[in-house]
Amino acid sequence: MAADRVAPAERGATTVADRVVAKIAAHAAREALERLPEGVSPPHAMVVVHHDTARVRISLELDYPGDIGRQCGAVRRQVAHRVRTLAGMEVPEVAVQVERLHSSAQGRIR
């Protein structure tokens, strides 16, 4: 029976498509945000996968006023964690691009 076994190196490989990694990243970005402003588009991710490494760019919209740096940091950490956990890839770079700020305050902001 041992002769029937295939060595691990000869079994093949599992690949995760870029679009799957992008969906994982976009979902993770949404998880990281406390809430999405009303009527906004959900986060969108673009990824470049090379072997077992994914570079991610997240585009999103945030509430203003708010701690934008804290929110972007939370998105970076959650995206890197989820892609590493679910896709088994290293994530050396998560770029967060804030497309639009939505004012949640009434009246004029000074």
With a 4.5 Å cut-off on side-chain heavy atoms, are [Y] and [X] touching?
X	Y	answer
Val21	Leu86	no
Met89	Val16	yes
Leu101	Ile68	yes

Which heavy-atom pair separates [X] from [Y] by the least distance, and what is that distance?
X	Y	answer
Glu99	Ser59	OE2-OG, 3.5 Å
Ala25	Ile58	O-CD1, 3.8 Å
Cys72	Val96	SG-CG1, 3.7 Å
Ala28	Gln78	O-CG, 3.2 Å
Arg30	Pro43	N-CG, 4.0 Å

Grouping I, L, V, M, F, W and Y whenever their side-chain heavy atoms are under 4.5 Å apart, do Met46 and Val79 come out in a common cluster?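 No, separate clusters.
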State plainly whether one hydrophobic cluster holds both Val56 and Val48, where clusters connect Ile, Leu, Val, Met, Phe, Trp and Tyr through side-chain heavy atoms under 4.5 angstrom apart. no
Provide the full list of salt bridge (charged side-chain N to carboxylate O under 4.0 Å, His left out) pairs with a residue in residues 59-74, sequence neighbours left out, each pair given once.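 Counting only pairs at least two positions apart or across chains, the salt bridge (charged side-chain N to carboxylate O under 4.0 Å, His left out) contacts touching residues 59-74 are Glu34-Arg70, Arg35-Asp63, Glu61-Arg100.
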Among pairs that include at least one residue of residues 71-91, which meet salt bridge (charged side-chain N to carboxylate O under 4.0 Å, His left out), considering only residues two or more places apart or in two chains?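 For residues 71-91: Glu31-Arg82.
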Could you list the residues that satisfy side chain to side chain contact (heavy atoms under 4.5 Å, CB included) with Ala22, not counting sequence neighbours? Ala45, Val47
Show me the pairs that pass side chain to side chain donor-acceptor pair (under 3.5 Å) and involve residues 40-55, at least two apart or across chains.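 Matches after skipping sequence neighbours: Arg55-Glu93.
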